[in-house]
Amino acid sequence: MSELSLAAGFASVWGGPGDRPMVLIGFMAFVVLSLLLCVLAGPEDETTADFYTGNRSLTPVQNALALTGDYISAATLLGVSGLVAVAGYDGISLAVSSCLAVGMFLLLAGPLRNAGRYTLGDIFALRSPGPSSRIAAATATVVVGLPFLVLQLAGAGSATALLLGLTSLEAAQACTVFVGALMICYAVLGGMRGTSLVQIVKVAVVFTTMLLLALLVLRHHDFDPFALLTAAEQGSGLSDRYFEPGHAVGDSAIGRLDFLSLQLSVVLGGACMPHVLMRINSAADSATARRATRYAIAIMVVFFLCVVIAGLGAAGVVGSQKILASDSSGQTALFLLAEGLGGGTSGLAGSVLYTAVACSVFVTVLAVVAGITLNAAAALAHDLHAHAARGGRMSERREVRSARWAVGAVGGLGVFLAATAQGRNLQSLTYLALALAASTVLPACLYGLFWSRYNRTGLLWTVYGGVLCTTALYACSLSFSGTPASLLPGHDFHLIGLQSTAAMAIPAGFLLGWVGSTVGRRARSVEEGETDIQWRERVLVGAREE
């Protein structure tokens with residue numbers, strides 16, 4: 001989601017100042033409620049277990065809701081529904097890929113919970129104890145999380161400015177600073193337990209909104225699925241080709257490869273985002289982690305079913321021409337659908353629906369950026385400061401204090417970059433972040449958990465080599481330059497005619513890990529004298545015990 005798309009969503013359906021109060025009231029109500037939750041549910045003591053994992057006190061259902069909240073971003077909410085509306089099959093396929101990402105995570109949830117403690121560095125240190133592994137983990141965490149953080153903050157800042165009736169670039173930058181300060185407060189005051197409750201509230205708001213939209217779409221078509229599909233075909237302008245692949249990026253060989261690359265990044269990158277891996281450490285044990293993930297899969301399936309129905313409804317009720325005229329990426333589909341179903345924002349029904357969609361987007365952005373910031377801060381405090389710099393000899397109170405300062409540092413950097421990037425199309429940062437996760441974090445976790453020969457050299461080659469390779473591929477792709485939707489639309493020095501280069505970056509990450517482990521020394525376990533069989537029983541076999 002780019003900040004331009006989000007701003008266009010508000011501007012395209014917002015008639016005037018008289019339509020703003022209800023959205024403002026809803027937004028401020030969530031801000032007050034979420035801050036209150038963070039204060040009430042925040043850490044009870046100055047221990048790392050409480051700040052990083054909430055003392056693992058969340059139930060499987062609560063953990064499932066929070067995990068679902070981590071997976072539902074504004075890009076997911078607006079991007080998938082918009083792609084369904086304008087591209088049909090491709091949008092539905094992307095919705096399925098998003099569900100498969102959680103399914104992929106289910107395969108890793110038990111072993112990761114047994115292997116991990118707080119952060120990604122605890123998992124990396126299994127095969128290669130020492131400061132270099134911790135530094136690599138912190139690097140991967142920050143590099144993967146920062147693009148998402150900048151993307152979400154920039155979008156929230158521009159949309160908040162429109163809420164206040166301000167359209168200048170300076171106003172959007174000021175609102176970005178406000179949203180960033182709010183996000184920092186969430187993470188500092190709430191820790192894992194507070195941000196988890198914010199995620200739970202977010203899922204309740206977003207799920208209810210999408211369920212309501214889906215029911216209204218079905219009622220609009222007399223609860224006849226075939227009538228809905230027919231109306232979507234006609235409204236899309238694609239007729240019977242609406243449910244054929246190739247409308248998102250073209251049906252040429254390059255277009256099909258590009259879309260396959262995007263799906264790979266969604267499934268594999270989405271399964272191993274660092275803030276999601278940190279979330280699973282808040283489960284009481286591996287059985288609870290798997291149970292929470294199964295619940296999350298069920299919630300995600302219902303949620304994306306509602307998203308697909310809403311996207312089909314937008315194509316049928318609004319029409320793809322009007323959606324694309326509002327925003328070329330189609331990400332205003334939900335806003336226009338709310339307007340169409342409610343008879344315009346001037347009426348009560350339309351105003352309520354629009355308010356629900358707008359607040360859902362705000363809730364999604366604020367909750368996601370708080371979770372990412374907490375995760376990055378934990379990596380800096382726990383992996384870099386406490387272990388790499390102090391050798392694990394820092395007191396828990398000092399580490400928690402360091403984590404709070406790190407929240408401010410990460411949040412401040414994210415706010416600065418987001419404010420500086422205001423006015424640019426940042427949507428391509430999603431491709432970069434997902435590709436980075438799939439080409440660095442995923443190989444490191446899989447090799448570390450399941451390959452006994454994986455060692456420090458392999459880990460370092462995986463992380464640093466994967467980051468450099470993925471970033472270089474991104475800089476040579478259409479996502480960076482060459483099109484109006486690129487990060488640098490005024491330049492054209494692309495060498496790769498793809499938007500998502502994950503199909504090349506992911507194999508490179510796995511290959512680097514294998515080659516590095518082959519030329520490096522044999523790994524030793526984190527527990528001195530522990531054999532491979534004992535290690536597997538502790539991490540893998542133990543993960544299967546109910």
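On a predicted model such as this, the values are computed, not experimentally measured, just so you know.
Counting only residues at least two apart or in different chains, side-chain hydrogen bond (donor to acceptor under 3.5 Å, both in side chains) contacts with residues 358-367 comprise Thr209-Ser360.
Heavy-atom neighbours of Phe510 CZ from other residues, nucleotides or ligands within 6.0 Å: above the threshold of 12.
Under the 3.5 Å distance criterion, the side-chain polar atoms of Gln422 are matched with a main-chain donor or acceptor of Ala154. Within the 3.5 Å criterion, the main-chain N or O of Pro129 finds no donor-acceptor partner in the side chain of Ser133. In terms of modelled atom types and a separation under 3.5 Å, the side chain of Thr470 and the main chain of Val467 share no donor-acceptor contact. Looking at Asp50, its side chain never comes within 3.5 Å of a backbone N or O of Thr47 through a donor-acceptor pair. Between the side chain of Arg134 and the backbone N or O of Ala388, no donor-acceptor pair lies under 3.5 Å. Looking only at distances, a side-chain donor or acceptor of Lys202 sits under 3.5 Å from a matching main-chain atom of Gly69. Between the side chain of Asp70 and the backbone N or O of Val276, no donor-acceptor pair lies under 3.5 Å.
Between Thr141 and Asn375, the closest side-chain pair of non-hydrogen atoms falls below 4.5 Å. With a 4.5 Å cut-off on side-chain heavy atoms, Ile372 and Val368 count as touching. Between Arg290 and Ser286 there is a side-chain heavy-atom pair separated by less than 4.5 Å. Gln199 places none of its side-chain heavy atoms less than 4.5 Å from the side chain of Leu67. In this structure the side chain of Cys445 reaches within 4.5 angstrom of the side chain of Leu120, judged on heavy atoms. Residues Val441 and Pro274 meet the side-chain proximity criterion, which asks for heavy atoms closer than 4.5 Å. Two residues are said to be in side-chain contact when any heavy atoms from C-beta on lie closer than 4.5 Å; Arg453 and Tyr447 fail this criterion. Counting heavy atoms from C-beta outward, Met210 and Leu334 have side chains that approach closer than 4.5 Å.
Aromatic ring orientation, Tyr52 versus Tyr118: tilted (interplanar angle from 30° to 60°).
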Exercise for the section: May I have the step-by-step check of side-chain hydrogen bond (donor to acceptor under 3.5 Å, both in side chains) for Thr53 and Asn281, ending in yes or no? Expected result: CA-CA 7 Å; Thr53 67; Asn281 287 327; over 6 Å; no
Problem - Candidate pair Leu77 and Phe303, rule side-chain contact (heavy atoms from CB on, under 4.5 Å), full reasoning - result: CA-CA 10 Å; Leu77 183 62; Phe303 170 78; 3.9 Å; yes
Exercise for the section: Decide yes or no on side-chain contact (heavy atoms from CB on, under 4.5 Å) for Trp451 and Trp514, but give the supporting numbers first. Expected result: CA-CA 10 Å; Trp451 189 27; Trp514 178 78; 3.5 Å; yes
Exercise for the section: Check step by step if side-chain contact (heavy atoms from CB on, under 4.5 Å) holds for Val177 and Phe416. Expected result: CA-CA 8 Å; Val177 175; Phe416 172 76; over 6 Å; no
Practice task
Start with the C-alpha gap between Val143 and Val463, add the side-chain angles, then the distance that decides, and say whether side-chain contact (heavy atoms from CB on, under 4.5 Å) holds.
Solution key: CA-CA 10 Å; Val143 167; Val463 174; over 6 Å; no
Practice task
Evaluate the criterion side-chain hydrogen bond (donor to acceptor under 3.5 Å, both in side chains) for residue pair Ser261 and Ser500; output intermediate values, then yes/no.
Solution key: CA-CA 6 Å; Ser261 184; Ser500 174; 3.2 Å; yes
Exercise for the section: Mind running side-chain hydrogen bond (donor to acceptor under 3.5 Å, both in side chains) on Ser282 and Asn63 for me, showing each step along the way? Expected result: CA-CA 8 Å; Ser282 63; Asn63 229 323; 3.3 Å; yes
Exercise for the section: Please assess His385 against Glu399 for the test side-chain hydrogen bond (donor to acceptor under 3.5 Å, both in side chains), listing each intermediate value before the final yes or no. Expected result: CA-CA 8 Å; His385 193 191; Glu399 183 176 335; over 6 Å; no
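Leu264 CG to Ser97 OG: the interatomic distance, rounded to the nearest 0.5 Å, is 8.5 Å. Between atom CG of residue Leu512 and atom OG1 of residue Thr440 there is a gap of 11.0 Å, rounded to the nearest 0.5 Å. Distance check: Met192 CE to Leu58 CG gives 8.5 Å after rounding to the nearest 0.5 Å. With rounding to the nearest 0.5 Å, the separation of OG1 in Thr373 from CG in Leu149 is 4.5 Å. Between atom CG of residue Leu106 and atom CD1 of residue Ile297 there is a gap of 4.5 Å, rounded to the nearest 0.5 Å. The CD1 atom of Ile299 lies 13.0 Å from the OH atom of Tyr71; values are rounded to the nearest 0.5 Å.
Taking every heavy atom of both residues into account, Val142 and Pro147 meet most closely at O-CD, 4.5 Å. The heavy-atom pair separating Leu380 from Ala406 by the smallest distance is CB-CB, 4.2 Å. Shortest non-hydrogen contact noted between Leu153 and Val415 is CD1-N, 3.9 Å. Minimum interatomic distance between Val80 and Gly91 (heavy atoms only, all atoms of both residues): CG1-O, 3.9 Å. Nearest heavy atoms, Ser428 versus Tyr474: OG-OH, 2.9 Å. The minimum heavy-atom distance linking Ser73 with Gln152 is given by the pair CB-NE2, 3.9 Å.
Among Leu262, Leu436, Val266, Thr501, the one residue that satisfies the side-chain contact (heavy atoms from CB on, under 4.5 Å) test with Tyr431 is Leu262. None of Leu434, Leu432, Val369 except one satisfies the side-chain contact (heavy atoms from CB on, under 4.5 Å) rule with Phe148; the exception is Leu434.
Inspection of the Arg279 and Ser196 side chains reveals an N or O donor paired with an N or O acceptor under 3.5 Å.
Using a cutoff of 4.0 Å between basic side-chain nitrogens and carboxylate oxygens, Asp285 and Arg56 are not scored as salt-bridged.
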